[in-house]
Amino acid sequence: TMSQGYNEPTIITGCEIDDIITQQTEEVCNAKVVLSHENVYKEGNYIVATYEDWLSYRSFLLGKFPGEYISFYKECERYYENLVISKDYQKESQQVLRTHSSQICHILHCMNVYMFKDLKEFKGSRIDFPKNFARNHNIEDASFEGNGKTKHKYLTMNFHCGKKVCEAHFKYNSINGCKHFNDVRDCCRVYFSVPTISDDKIYIGAILNHVKQDN
């Protein structure tokens with residue numbers, strides 16, 4: 001909510017303003033706020049006109065400046081309203097927050113905004129939904145865990161409403177599009193429980209390089 005404002009004449013040109021809003025630091029972030037009902041946000045322009053624009057802008061900034069894991073997950077609670085993230089492995093996610101924060105926030109934003117709508121419209125099987133969602137929203141890949149003997153043991157995670165098996169996961173085997181396969185830290189996974197039509201929240205179990213498994 002904007003509680004106050006003021007009108008101040010300026011001699012700064014539109015081109016100079018466009019240059020200013022691309023200059024972001026962790027302490028100072030700039031955007032155009034347009035009083036309009038139309039959605040005019042485009043990534044890179046930082047123009048905020050609607051609430052949906054604001055969420056996109058905040059997600060972009062969080063991906064650019066994730067900070068330490070404690071503050072990152074507090075911000076997630078504020079801006080990803082449809083998501084619930086387990087606290088089980090939050091500390092262990094610090095590594096991928098350093099390397100994949102923009103990619104992680106892209107996933108979280110897409111899940112928050114589009115997953116319930118896409119699930120309602122999806123006509124295929126539940127097991128095909130993550131891969132289809134990834135393909136539709138420019139996420140590198142997605143799948144379910146393949147080993148049924150160990151997945152319940154290592155992918156069952158705690159939430160305020162109880163335990164859930166989070167075996168579905170979105171994948172990144174690249175860092176900002178540059179593929180590296182020589183180190184497990186180059187691989188990022190967002191583990192989650194595929195929601196049902198009756199769910200009102202999407203449960204994310206962990207954001208990690210890999211969960212510990214015997215297979």
Side-chain angles (χ1 to χ4, degrees), residues 1 24-29 31 39 41 43-44 46 48 50-119 129-130 133-134 136-142 155-172 174-176 185 187-196 199-211:
T1 301
Q24 309 288 352
T25 70
E26 196 160 2
E27 290 75 29
V28 179
C29 298
N39 188 319
Y41 174 86
E43 187 173 328
Y46 316 116
V48 179
T50 66
Y51 179 63
E52 289 74 21
D53 289 341
W54 174 250
L55 292 180
S56 297
Y57 178 60
R58 285 301 307 162
S59 184
F60 165 78
L61 291 180
L62 186 58
K64 194 168 185 177
F65 307 113
E68 296 300 306
Y69 76 94
I70 294 175
S71 60
F72 176 82
Y73 287 110
K74 284 183 178 178
E75 290 296 283
C76 287
E77 289 180 12
R78 295 177 65 187
Y79 297 109
Y80 301 127
E81 300 166 320
N82 293 319
L83 309 183
V84 178
I85 304 177
S86 173
K87 297 184 183 302
D88 286 1
Y89 292 102
Q90 289 187 4
K91 183 177 181 179
E92 288 79 1
S93 68
Q94 186 64 62
Q95 175 63 47
V96 286
L97 290 180
R98 292 192 182 102
T99 56
H100 293 78
S101 57
S102 293
Q103 293 166 315
I104 290 167
C105 287
H106 172 69
I107 288 175
L108 298 181
H109 177 71
C110 290
M111 294 178 77
N112 183 62
V113 175
Y114 303 114
M115 183 163 278
F116 280 131
K117 177 179 178 293
D118 286 14
L119 183 68
F129 177 74
F133 188 88
N136 289 340
H137 296 285
N138 296 316
I139 299 169
E140 201 166 287
D141 199 5
L155 297 174
T156 300
M157 298 172 194
N158 295 294
F159 296 88
H160 66 277
C161 58
K163 296 179 179 293
K164 289 185 177 290
V165 177
C166 299
E167 59 172 305
H169 54 278
F170 293 116
K171 304 178 181 182
Y172 275 107
S174 68
I175 299 175
N176 297 324
R185 290 174 298 178
C187 304
C188 179
R189 303 289 183 266
V190 176
Y191 291 87
F192 67 101
S193 177
V194 176
T196 65
D199 286 334
D200 60 356
K201 295 291 183 182
I202 300 161
Y203 292 90
I204 296 176
I207 302 171
L208 295 170
N209 307 113
H210 285 282
V211 297

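This structure is a prediction, so every number in the text was calculated from the model and none was measured.
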Distance-only, no hydrogens or angles: does the [X] side chain make a donor-acceptor pair with backbone N or O of [Y] under 3.5 Å?
| X | Y | answer |
| --- | --- | --- |
| N112 | E81 | yes |
| H169 | E167 | yes |
| E140 | K171 | no |

Can you measure from [atom1] ([X]) to [atom2] ([Y]) and round to the nearest 0.5 angstrom?
| X | Y | atom1 | atom2 | value |
| --- | --- | --- | --- | --- |
| H160 | Y203 | NE2 | OH | 4.5 Å |
| M111 | N82 | CE | CG | 10.5 Å |
| I107 | S102 | CD1 | OG | 11.5 Å |
| C188 | L97 | SG | CG | 8.0 Å |
| Y69 | Q94 | OH | CD | 8.0 Å |

Decide side chain to side chain contact (heavy atoms under 4.5 Å, CB included) for D200 and F116; before the verdict, give the C-alpha distance in whole Å, the side-chain angles of both, and the deciding distance to 0.1 Å.
CA-CA 9 Å; D200 60 356; F116 280 131; 5.6 Å; no
Listing request: all salt bridge (charged side-chain N to carboxylate O under 4.0 Å, His left out) pairs with a residue in residues 99-119, at least two apart in sequence or in separate chains.
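Qualifying pairs, neighbours excluded: K117-E121.
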Parallel under 30°, tilted from 30 to 60°, perpendicular over 60°: which one fits the rings of Y172 and H100?
tilted
Compare every heavy atom of [Y] with every heavy atom of [X], then report the nearest pair and how far apart it is.
| X | Y | value |
| --- | --- | --- |
| G63 | S101 | O-OG, 2.5 Å |
| V96 | C187 | CG1-O, 4.2 Å |
| F159 | I85 | CE2-C, 4.1 Å |
| A142 | P130 | CB-O, 3.4 Å |
| C110 | H137 | SG-CB, 3.9 Å |
| I204 | C166 | C-SG, 4.5 Å |

So, using side-chain hydrogen bond (donor to acceptor under 3.5 Å, both in side chains) as the criterion, who are the partners of Y80 when residues are at least two apart?
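Scan of Y80 (side-chain hydrogen bond (donor to acceptor under 3.5 Å, both in side chains), adjacent residues dropped) gives S59.
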Taking side-chain hydrogen bond (donor to acceptor under 3.5 Å, both in side chains) as the test, write out the residues that go with E75, two or more places apart.
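Scan of E75 (side-chain hydrogen bond (donor to acceptor under 3.5 Å, both in side chains), adjacent residues dropped) gives R58, R78.
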Steps toward side chain to side chain contact (heavy atoms under 4.5 Å, CB included) verdict (I139, V190):
CA-CA 11 Å; I139 299 169; V190 176; over 6 Å; no
Among residues at least two apart in sequence or on other chains, which ones pass salt bridge (charged side-chain N to carboxylate O under 4.0 Å, His left out) with [X]?
| X | result |
| --- | --- |
| D141 | K131 |
| K74 | none |
| K87 | E77 |

Heavy atoms of other groups near K201 NZ, more than 12 under 6.0 Å
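Atom NZ in K201 is packed in, count exceeds 12.
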Just wondering, do [Y] and [X] contact through their side chains at under 4.5 Å, heavy atoms?
| X | Y | result |
| --- | --- | --- |
| F72 | I104 | yes |
| L62 | Y79 | no |
| F129 | M115 | yes |
| Y73 | I207 | yes |

Are F170 and F133 near enough that their ring centres are under 6.0 Å apart?
yes
